[in-house]
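We use all heavy atoms of the structure for the numbers below, so side chains are in, but hydrogens, waters and symmetry mates are not. Chain letters run A, B, ... following the sequence lines, proteins first, then strands; residues in each count from 1.
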There are 2 protein chains.
Amino acid sequence: MKKVSIKDIAQHLNVSVSAVSLTLNGKGDEKRISKTTQKRIVEYAQEQNYRPNSFAKGLQKGKSEIIGLVVPNISDVFFSRIARRIEKQAEQAGYDVIFSSTGENIEKESKKIQSMLDRQVDGLIIASCQKNTSDILKLKQNNFPFVLIDRLYPEIETNYVGFDNVGGVSSAVNQLIQAGRKRIGFVTLSMNLGTIRERLDSYLQTMKEHALPVENGFVHEMDYNNDEADMQNVIREMLKKPCNIEAIVFATHFLASEGLRQLKELNIRVPDDVAIVSYGEQKDFDLFEPAITAVNLPINEMGDKAVDILLRNMKETNFSYEQLRLKTELVVRKSCGAK
Amino acid sequence: MKKVSIKDIAQHLNVSVSAVSLTLNGKGDEKRISKTTQKRIVEYAQEQNYRPNSFAKGLQKGKSEIIGLVVPNISDVFFSRIARRIEKQAEQAGYDVIFSSTGENIEKESKKIQSMLDRQVDGLIIASCQKNTSDILKLKQNNFPFVLIDRLYPEIETNYVGFDNVGGVSSAVNQLIQAGRKRIGFVTLSMNLGTIRERLDSYLQTMKEHALPVENGFVHEMDYNNDEADMQNVIREMLKKPCNIEAIVFATHFLASEGLRQLKELNIRVPDDVAIVSYGEQKDFDLFEPAITAVNLPINEMGDKAVDILLRNMKETNFSYEQLRLKTELVVRKSCGAK
DNA sequence: TTGAAAGCGTTACCAT
DNA sequence: ATGGTAACGCTTTCAA
């Protein structure tokens, strides 16, 4: 691309560089550049398709007009949907978005955050692996604008947008109880994430409230990179004595679909033999056999709110912080065995 | 973040700015900076957590080490999976990725591409709306490195990575024919995309080769923003006389799942009454009732190849261009009524 | 009403 | 071996 600089324009029109800069930034009137001069500048700039060099601008202003998005994995629908929303909202405010996937890895997360700071992003939205206390703390101490999504550091006061995991899981468990199930298991991830812990706690709590048993083998924590065999073993164990599970709550949508896959593999009838509920919706859960009951998470809202908070944080100098828990909604389908 | 500049370091250590720059860029030996000086510089830089300002660097070098990714919608799994791959490959080569969604809208696409160029991206990967000839042409004329993915401009010679739509659709149609279906319909999008046209052409061609009828009402082009009602009407028409469709090929995975949804709504038995095949896989198609036969598209490979070509294009000065068609693979499941 | 010039942080060339 | 300095393109303050 041939590039026309502000200097080129100035030279060609025999005006000063500052006149051009001022005019092109809409400060012509304010700074009393004559209408005629302004007109000549604007027209010539247009004609030459002048485009400001964002490096020069950024260098000068110390701002990039970029928001950085750090997530475990952009190809996960959950995060890509959030990304889309963030992009949309950011765009309206004149920001571009740059993203990085961290693979739930702390070193990588740290590197990516650093790299974004090097690029002078004006703010960050982070779904952290939740082991990265040091970076989060550093950001906070430096008063750098950022908001955590989905994953919280309870010991650090920061902006945060998450889901009401407790309410969500309890609505799932309650639904199964209502449908008459008593021996209800919980399949979750072995990750040390607050959001994951909350889900487990809510399951335990809800069972307790109903005086229902949570015996050995009722709860299983899968490795993040679990494979079919793992899930099959887990399901097998839950089904046989002494567990004799009648229902399972899955802590994520992908655990639910993998669970259903293995239940089918083992020729277990869902929901007749085992009822299931997924914490987290997935496209076309209604087309599954059986259609899967799921707790719907307001993903779009998460993206919207995150940007909203971030922008305000970036603007207001003494913004403290804001924390949000978004309400979930149970979508009842066949798999939970509801009457 | 408090920022330490190269100048600060130089002043503190009583050496020149250039010595610091050279050393920190690993050119110390080459330019004969004494080992001791180098050591002092490196240590102090580390201690002060020096981070180069990428704006200054970019301004100076005219390079950003950013690859721009322009897609219709980042929240579409198809594109987010590609994005992840691109990110991965780009990272290994030292590039960050910035993305933009265009919503299949030409004005927006044009704006986004421009904005990326303003940011001085070093290269672009574009899934274009395919109506944006002028921008693509401009990029090409300026010898700017870019590669088109999925969507081709047949009249412009550019880098391109796409799928073998013709082979893919014909494998789908053939499968249905093998399963004994004769009256086979095709539901596609009304978008004027080459990749969409190829799919339709391949359907028509394959039917012709087998001397099978393609009558009025056999082919339907849905609006991109179709809703349930549209799909239900289409299905209804295909089912009744004079169409009496026995099987349907859907041109995209989301058309397929929406189609199945409406077939179920109408209490049509799949595959007994109507067999279906989807062009494009979707997570958990195997769990649907019935499990959906689909043409699997090598998405990861698309991302990999795109970056591969782009990087080479960026490096080699007189790179001409490269076009690739990736082979698809039919995954047979219950929905196609295979024996 | 306009122009000149400093400065943003780096790199790279030219001196010494 | 090392230092000085122009240049990258832009914004903004100060003078005129």
dC8(C) phosphate, OP1 or OP2: any side-chain N/O from N53(B) under 4.0 angstrom?
-> no
Five-pair end axes of the helix from dT1(C)-dA16(D) to dT16(C)-dA1(D) and the angle they enclose, rounded to 10° | 50°
What does S21(A) touch in the nucleic acid at a heavy-atom separation under 4.0 angstrom: a base, only the sugar-phosphate, or nothing?
-> base
May I ask you to decide whether [X] forms a salt bridge with [Y], counting only side-chain N to carboxylate O separations under 4.0 Å?
| X | Y | result |
| --- | --- | --- |
| R85(A) | E301(A) | no |
| E91(A) | K112(B) | yes |
| E43(A) | K39(A) | yes |

Distances under 3.5 Å between protein N/O atoms and the N/O atoms of nucleotides 14-16 of chain C, please, pair by pair.
none

With E109(A), which residues qualify under salt bridge (Lys or Arg N to Asp or Glu O under 4.0 Å), at least two apart?
-> none
Taking atom NZ of K131(A) as the centre, does the number of heavy atoms from other residues, nucleotides or ligands within less than 6.0 Å exceed 12?
-> yes
Could you tell me whether Q46(A) atom CD has more than 12 heavy atoms of other residues or ligands within 6.0 Å of it?
-> no
Taking every heavy atom of F55(A) against every heavy atom of G58(B), the minimum-distance pair comes out as CD1-C, 3.3 Å
Contacts satisfying salt bridge (charged side-chain N to carboxylate O under 4.0 Å, His left out) that involve residues 151-161 of chain B (not counting sequence neighbours) are E104(B)-R151(B)
Residue-level proximity of residues 57-68 of chain A to DNA chain C when a heavy atom falls under 4.0 Å = L59(A), Q60(A)
Check the pair F99(B), V71(B) against side-chain contact (heavy atoms from CB on, under 4.5 Å), reporting the backbone distance first and the verdict last.
-> CA-CA 8 Å; F99(B) 75 90; V71(B) 295; 5.6 Å; no
Identify each atom pair where a protein N or O and an N or O of nucleotides 2-4 of chain D are less than 3.5 Å apart, giving names and distance.
from   : atom 1 : to     : atom 2 : distance (Å)
dT2(D) : OP1    : S34(B) : OG     : 3.2
dT2(D) : OP1    : T37(B) : OG1    : 3.2
dT2(D) : OP2    : S34(B) : N      : 2.2
dT2(D) : OP2    : S34(B) : OG     : 3.1
dG3(D) : OP2    : S16(B) : N      : 2.8
dG3(D) : OP2    : S16(B) : OG     : 3.4
dG3(D) : N7     : S18(B) : OG     : 3.3
dG4(D) : N7     : S18(B) : OG     : 3.3
dG4(D) : O6     : S18(B) : OG     : 2.8

K7(B) has its side chain closest, among dT11(C), dC8(C), dC10(D), to dC8(C)
